[in-house]
Amino acid sequence: MSGKDRNGTRRMVAGGTLAVIALVSLYGVFFPNSTVGKVFWTAIDQGTIESSLRLAVPIALTAIGGLYAEKSGVINIGLEGLLIISAFVSVLVTDQLGAGQTTGVPPVVTWDLGSRAYTIDPGLQFVIPNIWIGLLSGVVASMLLALLFGVICIRYEADQIIAGLAVWLLALGLAPFVAQVVYGRVSTENVGTLDTWSIPLLSKIPYVGPILFDANPTVIIMLISVPAAWYGLNRTSFGYWVRASGENPKALDTVGINVDRVRYAAVLVSGFFAGIGGTALSLGFQGSFDGGGPTMVDGRGFIAIAAYLFGNYNPFGAFAASYLFSGLQAVQIRLQGQGVAPTEIFLMAPYIVVVIVLVLVGRTRLPEAAGEHYESGED
Amino acid sequence: MSRLRDVLERLVGASGAERAVISIAALVLSILVGAVIVFVSGLGAACDAGANYHLAIPLPGSFEILLFDGRLSLFGYKSCYDPINVYAKLFVGAIGGLPWESGWQPTNLSMEVLLRRMTLLLFAGLSVAVSFRAGLFNIGTQGQMVWGALVSAVTVLFVADFAPAGLAGTVILLPLALFSGAVAGGIWGAIPGALKAYADANEVITTIMLNFVASFGATLMIKLFFQDPEYSNIGTRRIPVNSLVPSLPMGFQGTRSSILALIFALLFAFIVYFVLWGTSFGFDVRTSGLQPEAATYAGVNAERTIVRSMTISGALGGIAGALWVLLSTGRMLSGGDVAGGSLGFDGITVSVLAGNNPIGVIFGSALFGVLKSGRNAVNFQTDVPPELVEVLPGLIILFVAMPEFFRMIGKRIGLDSGQGSNVRTDGGEDDE
């Protein structure tokens with residue numbers, strides 16, 4: 001196919017987008033009282049950037065996970081379901097353990113086996129806030145569902161799109177059902193949110209400091225994950241296997257690497273990142289799970305897919321695209337009260353942008369073997 | 001495009017009998033897994049004594065053959081929910097009780113809900129089936145329904161002032177309502193079709209995004225132009241009574257349901273079947289679904305076929321939306337409220353379960369009509385949250401998605417007929 005042309009188009013589109021943003025910004029700088037000016041000055045406001053970053057977390061992390069899976073040759077349409085399940089489970093576990101409390105190993109552990117007693121005194125005690133155990137549970141739940149998806153697709157050779165839809169619909173049904181069993185309604189109690197992390201010294205830097213270094217932990221996790229994911233994909237042998245598994249599984253098999261295992265690992269990576277994304281949404285941001293309608297996840301899993309497609313499977317690109325969507329959303333929330341336009345227009349905007357982006361970028365060059373099953377020659 | 005071909009070969013290429021077996025097996029398995037979910041969640045729910053399991057085969061009159069009566073426990077934990085009872089209530093409640101019980105009438109409320117749901121699901125399922133046949137994953141039926149419902153309601157409201165009263169008005173308004181719904185849904189379906197054909201935009205993502213746009217967009221339109229000032233929620237004025245589908249020949253009492261509408265829907269299932277298997281357009285659709293390269297080589301205009309199939313798919317979704325207004329609410333509510341916001345997605349399950357076969361969709365929609373109608377019985381007659389019903393579609397699709405799983409089971413229990421291996425390579429359908 002014309003992969004080069006497509007990349008050229010993408011570069012033009014990305015460049016064009018930047019140019020338009022720059023031009024509009026310039027206009028905004030000189031005419032602060034126009035609508036464009038209002039949007040611009042709102043967009044670069046410290047508070048807006050803070051909330052843009054926060055809103056970008058679920059999308060960007062999920063996008064990073066999704067691009068790993070797709071690079072390995074498994075298209076994970078079920079990301080939305082992973083977000084739902086992790087957002088729900090994390091709140092459920094936090095609430096069941098006792099929100100706002102901590103769980104820890106008692107300082108002295110004694111096993112009494114009747115005839116002999118073993119005592120361990122570690123000298124120091126680890127106390128973990130329940131909210132972090134909740135976060136971990138959410139991530140584990142997401143990874144388990146991803147594993148189920150992986151088994152269906154890889155072991156049982158199911159169609160990936162259909163299996164992805166199943167994962168989505170399953171989570172969409174299961175989370176409100178369990179919430180109904182436990183709470184008697186489709187939403188959960190409020191369990192509070194993660195405390196912000198403040199990094200000493202760095203958080204004192206004006207403007208940038210409070211945004212980056214005095215932030216929600218999930219934002220900091222995202223800021224670390226983006227370069228780490230890039231490094232993992234492009235500079236490690238695991239990343240090389242992932243890319244080879246999507247492009248040329250036969251070659252990978254020939255050099256003795258188990259293609260299926262690489263794909264399972266990549267799918268689990270997508271479950272891991274989507275898991276953090278989902279918990280960021282509930283524990284990091286809202287403090288509860290809202291299961292009404294399309295749930296609080298509200299299509300972010302699908303926006304994430306669009307984000308990594310737009311970002312050309314590059315974690316940095318995926319992050320930039322996620323920030324574009326979330327920034328739009330943040331500006332929308334800010335301007336909602338000012339009567340600039342009806343609420344629904346703002347609510348629609350991110351989804352319309354996704355469609356426009358997909359049209360401009362056209363079909364992304366999928367990895368050669370994406371969506372195809374690979375059977376090792378051994379059987 | 002070989003990815004799509006593989007998909008369709010697996011979904012479509014399997015022989016009809018095997019497909020039916022897989023669908024039924026998937027259904028049974030998801031009901032079993034659903035039962036486990038009910039049982040396990042019952043362990044966590046709070047109750048005094050645990051559920052009493054009363055397992056019996058009912059006989060006419062008040063007789064029954066008793067199989068089991070008592071309580072079950074797992075590691076000392078008692079489950080508060082009885083899955084068997086839940087399913088009994090779900091399926092029996094769906095038709096409003098057992099037909100031989102005294103006082104049972106074919107026009108009871110549950111039957112009404114069942115038939116209405118089935119009618120709507122038939123169109124939603126057909127909408128998805130047409131696109132899937134063409135190798136296109138239209139997840140956007142929900143959005144197409146939203147525009148179908150809005151435009152249909154608004155058109156009727158405008159024309160009603162000039163239309164004659166009574167039956168004469170019905171003859172004009174009803175077809176108009178359905179037609180305008182179909183046009184609106186068709187246009188909304190054509191958009192992702194055109195984007196796919198001419199800009200290579202992935203239709204899975206665009207249709208899902210357009211669902212959100214439709215939902216917010218329709219709400220905005222109502223707020224700006226069509227809001228009923230006397231209605232406290234977001235919604236248009238009521239459409240006149242004579243534009244609704246007459247509930248003939250059976251008179252349902254409560255809200256509206258109609259055998260006429262169901263017959264109309266059944267008719268459409270056969271029309272869609274005929275179009276797909278009896279016309280050259282249908283041949284184009286199916287071949288481009290199965291083997292896009294071969295279809296193009298054989299002179300099928302790929303782009304045009306994509307746009308046309310998506311338009312037809314959208315139009316069927318639009319009719320579902322129009323019928324929702326005509327049968328259910330009598331007015332357009334906000335975009336998120338259209339048919340509970342999930343009918344379009346249930347259409348996906350129905351179509352997948354039916355192997356994307358229009359005739360199969362009839363059975364799939366009947367089953368889902370039962371689930372929706374029985375939901376009320378589960379709600380009122382058991383302690384189990386009726387949201388259980390929402391879990392089943394995901395499970396069903398999950399199991400239908402892995403035919404390989406059932407083939408392996410089949411081999412293990414010695415049912416291997418030897419045809420399992422060649423299903424994928426024949427590339428065609430059983431009737432060609």
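Remember, predicted model here, so these are calculated numbers, not experimental data.
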To check you understand the geometry: which heavy-atom pair defines the closest contact between [X] and [Y], and what is its length?
{"X": "Val391(B)", "Y": "Leu170(A)", "result": "O-CD1, 4.1 Å"}
{"X": "Ala158(A)", "Y": "Ala401(B)", "result": "CB-O, 2.8 Å"}
{"X": "Ala166(A)", "Y": "Ile397(B)", "result": "CB-CG2, 3.6 Å"}
{"X": "Phe302(A)", "Y": "Met209(B)", "result": "CB-CE, 3.4 Å"}
{"X": "Leu358(A)", "Y": "Ala201(B)", "result": "O-CB, 3.9 Å"}
{"X": "Pro385(B)", "Y": "Gln180(A)", "result": "CB-CG, 3.1 Å"}

Select one option (side chain, backbone, both, neither) describing which atoms of [X] are under 4.5 Å from chain A's heavy atoms.
{"X": "Ile348(B)", "value": "side chain"}
{"X": "Val384(B)", "value": "side chain"}
{"X": "Ser215(B)", "value": "neither"}
{"X": "Ile191(B)", "value": "neither"}

Side chain, backbone, both or neither: which part of Val182(A) has a non-hydrogen atom closer than 4.5 Å to chain B?
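It is neither, since no heavy atom gets under 4.5 Å.
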Counting only non-hydrogen atoms closer than 4.5 Å, does Leu172(A) touch chain B with its backbone (N, CA, C, O), its side chain (CB onward), both, or neither?
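Nothing of Leu172(A), per the 4.5 Å heavy-atom cut-off to chain B.
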Option that, when pairs with chain A are counted at under 4.5 Å, heavy atom only, ranks first among Val204(B), Leu395(B), Leu392(B), Ile208(B)
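That would be Ile208(B).
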In terms of heavy-atom pairs under 4.5 Å with chain A, which of Ile139(B), Val213(B), Ile37(B), Thr206(B) leads?
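Heavy-atom pairs under 4.5 Å are most numerous for Val213(B).
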Would you indicate whether Asp260(A), at its atom CG, is surrounded by more than 12 heavy atoms from other residues, nucleotides or ligands within a distance under 6.0 Å?
yes
For Phe137(B) and Ile162(A), run side chain to side chain contact (heavy atoms under 4.5 Å, CB included): C-alpha distance rounded to whole Å, both residues' side-chain angles, the deciding distance at 0.1 Å, then the answer.
CA-CA 9 Å; Phe137(B) 291 96; Ile162(A) 304 277; 4.1 Å; yes
Applying a heavy-atom distance below 4.5 Å, give me the residues of residues 144-153 of chain A that approach chain B, sorted by number.
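The residues closer than 4.5 Å to chain B, in numerical order, are Leu148(A), Ile152(A).
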Evaluate the side-chain proximity of Tyr81(B) to Val181(A): yes if any heavy-atom separation is below 4.5 Å, no if none is.
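Side-chain contact under 4.5 Å: yes.
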What distance do Leu210(B) atom CG and Met348(A) atom CE have between them, rounded to the nearest 0.5 Å?
11.5 Å
Phe345(B) vs Trp168(A) aromatic rings, parallel, tilted or perpendicular, using cut-offs 30° and 60°?
perpendicular
So which of Leu347(A), Leu174(A), Val167(A), Val354(A) has the largest heavy-atom pair count under 4.5 angstrom toward chain B?
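Top option by heavy-atom pairs under 4.5 Å: Leu347(A).
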